[in-house]
Each structure stands twice: as C-alpha cells, then as structure tokens.
Amino acid sequence: MANIIAVLCLLLSYLSTHISPLRFPYLAFFGIAYGALLVVNLGFLIFWIFVKKRLALISATAILVGFNHLTAYFQILPERTKEEGLEKSIYVVSYNVRLFGWYNWKTNKKDRDTMLNALAEQEPDVVCFQEYFHHSKPGVFDVNSLVKKKLKTPYLHIEYGLTIKGEQNFGMAIASKYPIVGKGKIKFPMERGNACIFADLLIDGDTIRVYNSHVASIRFSRSNYRFVEDIQSNLTANQASEGLNIAQRMTRAWQRRAKHVNMIVGHLDQSPYPVILCGDLNDTPVSHTYRQFTRRLNDSFKHGGWGIGNSYLGSFPSFRIDYIFYDPQFEAVNYKRLEEEVSDHRAVSCRIIIN
C-alpha cells in the first residue's frame, strides 16, 4: 500500500505540470516534492528487486513514465562542451544579484565588487540581472557605470520598478556587448518587484530578442524563515500555524506566477525575432511554469548541463529556479553555474550558438 501511495504521489507531480495553478493550485505541492518522491520510489524499486522482483515494476514504470521530468531535474550525461566552431555564438549569463548586497551595510560595496569581478572573469556577452539596484547619487553605490566598465558591456537596458527618494532604484537590467536596437517591458499588474523586460540585440547582422524575467516570488516573512530554520534544527514552535501560513503564501505565489507566465508566453509568441529567455522563475523543473516555456524553447541545462544544477542558496531547500531558455534553431553548450555565493542565487551561464 505504501508503494502504491508513493507511485500515485509521483504521478500527481507529473500531472501538476499540465494543470495551471489558476485552476488547481494544490497540485503544485506534488511538483515541488518531485525530488523526494523520486527518491522514495527508487527506494521501493531497490527493495523489491531483492525481495520480489515483479513488484519492482510498480515504481519502475512510474519513474519511466516521467523520464522527461527526470532529465530536466537531473542530468547524468557528461556536460556538453565545445571549444571550436563558436565564431557565431554569444556567452549568456543570468544572475539574481539580490540588490548587489545593498542592505549589507558593512560589506555592500565589497559584495557588489565581488559579484561584478566574478562576472568579468567570465567575459560574458550578455548578462541578465534580476533584483538589480543602482543608487543615483554619485559615489554612494554606483552600479550602472561599473557594469559597463567591468563587464565591457556598453549597452544597458534597465527598468526600475521602484525608486525611493529619487535615488535608490530597484529593478532589472540587461547588459550587452551588442547594440540594443529595440527594448521594452512586460508589466505585471500590481507588482513592483517582479517584471519581464526584453532587448533586441543586433549580432553580426542578425537580430535576437533577449527576455529577462523575474516572476512572482513567494515573499516569505521572517517568521517563515525562522520556522524553516527551527525545523532544520529539530526544534518545534507553533509549527502547525506557521506551516499553514507558508502553504498559503506558496499557493498565492503559484497563482500569481501562472498569470505572469501567461503574459510572457503570449508576448514571446509574437516576437518577430528568435528568442533567448533568462531569469529567476522561482519554480522547479517539475512545474507548470517550466512546461509552459519548454513547450516553445529549449532548456540550456537539459541540453548542456550536468547533475542537479540547483541555483538557489537561501534557507529553504535548494532547487534549480534560474534558467536560460533558447530558440530551438540555436544550440547550447558549455552550461555551468558560477561558484560565487554572495547572493542567495548562483549565476547560471551557457554559450548559445546562433545557427
């Protein structure tokens, strides 16, 4: 019976990718639990191999049915690397920089410089920044000129969702070595911290549209983070009500996120140019969000990465929530995560070959 329940839960995680949270948000809990459900079913599979081989088919079949989800979640093949034939290619980075550490008053300039120096070593052609921050007052916390100088990206498309006192600017940015010949923003209603911007880049006579997305965050409270830390420390303190609060926040976020994704997909469907889409999607590879994008675009990790590829570094369990998607007519190689851990995200990068 326990094996049957594990299989049913695994199948529900697959189903969660097909049903929008706007219709039934609770299925998304099974999607986010996919990794744990997979491990449980693998445990049953191994157990039955030694006890009663025929029953091993129960979990084996369930795992194979979702093999496409498995390869999006975990890559066992060697990384796809290429050093030659890259004449017409661009090196793309997506990075949630957490405001470059602006609120870490004692170390914020050091954090900012550490992140930019690490990026500069990669010599990227295009960088998509989420949770971007720039202080307009000279000498306080300049970022715009440093990005251009350190990354050698003279072209910037920046959209600020919030400006405080006319000086503190919060938003998103696309930095490029290539001329930006068109740009815009997909504005999400009632949102300041989340948005999607795009820039049309002129690359050797071709125009490519690059989207930079940051869709609905869960917005956990301090008590939510304390709750998770308490659980990890085997402590208990009003766990039932706090757990319910977290579940409610996640449910609302999934529903908002589904609306944002629908807007982005509708916009990229109308793009006159081939598309690269980067961003912090706040969702795992086993999710409705991921499926909506991979129905149209390829996942650079799936086609060039290795391992789990987890990119989130916060208090909650680490997942791969940062992505670089690309038009099927292109090719992705040399995928990697940058090891710098100043932000609560790792930057992800790959080389896109423009065929």
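- Sorted by first and then second residue, the side-chain hydrogen bond (donor to acceptor under 3.5 Å, both in side chains) pairs with a member in residues 112-127 read Tyr91-Gln122, Asn117-Lys150, Gln122-Lys336; sequence neighbours excluded.
- Side-chain N or O atoms of Ser343 include one that pairs as donor or acceptor with a backbone N or O of His345 at under 3.5 Å.
- Between the side chain of Ser176 and the backbone N or O of Tyr155 there is no donor-acceptor pair closer than 3.5 Å.
- For the atom pair Leu116 CG and Leu151 CG, the distance stands at 5.5 Å (nearest 0.5 Å).
- The shortest non-hydrogen separation linking Cys196 to Ser213 is SG-OG, 3.2 Å.
- Residues passing the ring-ring contact (aromatic ring centres under 6.0 Å, His included) test with Phe141, sequence neighbours excluded: Trp102, Phe133.
- A heavy-atom distance below 4.5 Å is found between the side chains of Phe100 and Val143.
- When all heavy atoms of Pro124 and Lys177 are compared, the pair lying nearest together is O-CE, 3.0 Å.
- Using a 4.5 Å heavy-atom cutoff, the side chains of Ile158 and Phe129 are not in contact.
- For Tyr95, the side chain to side chain donor-acceptor pair (under 3.5 Å) test picks out no residue, with sequence neighbours left out.
- A pairwise comparison of heavy atoms in Leu45 and Ala60 identifies CD1-CB, 3.8 Å as the closest pair.
- Ring-plane geometry between Phe170 and Tyr103 is classed as parallel, the angle between the planes falling under 30 degrees on a 0 to 90 degree scale with a further cut at 60.
- In this structure, CG on Asn262 lies 6.0 Å from OG on Ser20, to the nearest 0.5 angstrom.
- In this structure, Leu64 CG and Ser59 OG are separated by 10.5 Å, a value rounded to the nearest 0.5 Å.
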Does the side-chain contact (heavy atoms from CB on, under 4.5 Å) test come out yes or no for Asn3 and Trp48, once each step is laid out? CA-CA 10 Å; Asn3 194 174; Trp48 290 122; 2.9 Å; yes

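- Between Val7 and Phe44, the closest side-chain pair of non-hydrogen atoms is not below 4.5 Å.
- Taken from OH in Tyr211 to CD1 in Ile197, the straight-line distance is 12.0 Å, to the nearest 0.5 Å.
- Side-chain contact between Gln255 and Lys259: absent, with no pair of heavy atoms (C-beta onward) separated by less than 4.5 Å.
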Decide side-chain hydrogen bond (donor to acceptor under 3.5 Å, both in side chains) for Arg346 and Asn310; before the verdict, give the C-alpha distance in whole Å, the side-chain angles of both, and the deciding distance to 0.1 Å. CA-CA 8 Å; Arg346 279 200 179 102; Asn310 50 307; 5.4 Å; no

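- Minimum heavy-atom separation, Glu167 to Thr163: N-CG2, 4.0 Å.
- Between Ser349 and Ile324, the shortest heavy-atom contact is CA-CD1, 3.7 Å.
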Could you walk me through whether Leu8 and Phe30 pass the side-chain contact (heavy atoms from CB on, under 4.5 Å) test, one step at a time? CA-CA 10 Å; Leu8 288 175; Phe30 292 95; over 6 Å; no

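- Under the side chain to side chain donor-acceptor pair (under 3.5 Å) criterion, Thr71 pairs with no residue, sequence neighbours left out.
- Side-chain contact annotation: His214 with Asp280, donor-acceptor N/O pair under 3.5 Å present.
- In this structure, Asp327 CG and Leu297 CG are separated by 6.5 Å, a value rounded to the nearest 0.5 Å.
- The hydrophobic clustering, which links ILVMFWY residues whose side-chain heavy atoms are closer than 4.5 Å, places Phe330 and Val275 apart.
- Listed by chain and number, the residues in a side-chain contact (heavy atoms from CB on, under 4.5 Å) with Thr207 are Val181, Asp200, Leu202, Tyr273 (sequence neighbours excluded).
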Val147 and Leu156: CA distance, side-chain angles, deciding distance, side-chain contact (heavy atoms from CB on, under 4.5 Å) verdict: CA-CA 9 Å; Val147 166; Leu156 272 178; 4.0 Å; yes

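- Between Phe293 and Ile264 the shortest side-chain heavy-atom distance falls below 4.5 Å.
- Sequence neighbours left out, the pairs with a member in residues 8-27 that pass ring pair (Phe, Tyr, Trp, His ring centres under 6.0 Å) are Tyr14-His69, Phe24-Tyr26.
- Proximity of His267 to Arg209: side-chain heavy atoms (C-beta onward) are separated by under 4.5 Å at one or more points.
- The one candidate from Asn194, Asn212, Asn96 that meets the side chain to side chain donor-acceptor pair (under 3.5 Å) condition with Gln130 is Asn212.
- The local environment of NZ in Lys88 is crowded, with over 12 non-hydrogen atoms from other residues, nucleotides or ligands closer than 6.0 Å.
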Check step by step if side-chain contact (heavy atoms from CB on, under 4.5 Å) holds for Leu201 and His157. CA-CA 11 Å; Leu201 310 183; His157 171 36; over 6 Å; no

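- In the hydrophobic clustering of this structure, Ile5 does not group with Leu55; members are Ile, Leu, Val, Met, Phe, Trp, Tyr whose side-chain heavy atoms approach within less than 4.5 Å, directly or through other members.
- Counting heavy atoms from C-beta on, the side chains of Leu277 and Leu268 come closer than 4.5 Å.
- Results of the side chain to side chain donor-acceptor pair (under 3.5 Å) test with Thr289 over Thr284, Thr294, Asp283 single out Asp283 as the only residue that passes.
- Taking hydrophobic clusters as Ile, Leu, Val, Met, Phe, Trp and Tyr residues chained together by side-chain heavy-atom distances below 4.5 Å, Met115 shares a cluster with Val140.
- Val93 is connected to Val342 through a chain of hydrophobic side-chain contacts under 4.5 Å among Ile, Leu, Val, Met, Phe, Trp and Tyr, so both are in one cluster.
- Once rounded to the nearest 0.5 Å, the distance linking CD1 of Ile208 with CD1 of Ile203 reads 4.0 Å.
- Side-chain N or O atoms of Arg257 include one that pairs as donor or acceptor with a backbone N or O of Asn282 at under 3.5 Å.
- A distance-only check finds no donor-acceptor pair linking the side chain of Ser16 to the backbone of Phe29 [under 3.5 Å].
- Of all the heavy atoms in Ile90 and Ile276, the pair that sits closest is CD1-CD1, 3.7 Å.
- Residue Tyr335 forms a ring-ring contact (aromatic ring centres under 6.0 Å, His included) with just one option from Tyr323, Tyr326, Phe301, and that option is Phe301.
- With hydrophobic clusters built from ILVMFWY side chains whose heavy atoms lie under 4.5 angstrom apart, Ile63 shares a cluster with Ile49.
- Looking at Thr107, its side chain never comes within 3.5 Å of a backbone N or O of Lys110 through a donor-acceptor pair.
- At distances below 3.5 Å, not a single donor-acceptor pair connects side-chain atoms of Thr17 with backbone N or O atoms of Val286.
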Stepwise salt bridge (charged side-chain N to carboxylate O under 4.0 Å, His left out) test for Arg98 and Asp111: CA-CA 10 Å; Arg98 203 183 190 186; Asp111 292 348; over 6 Å; no

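- The side-chain heavy atoms of Gln168 and Leu99, taken from C-beta on, include no pair separated by under 4.5 Å.
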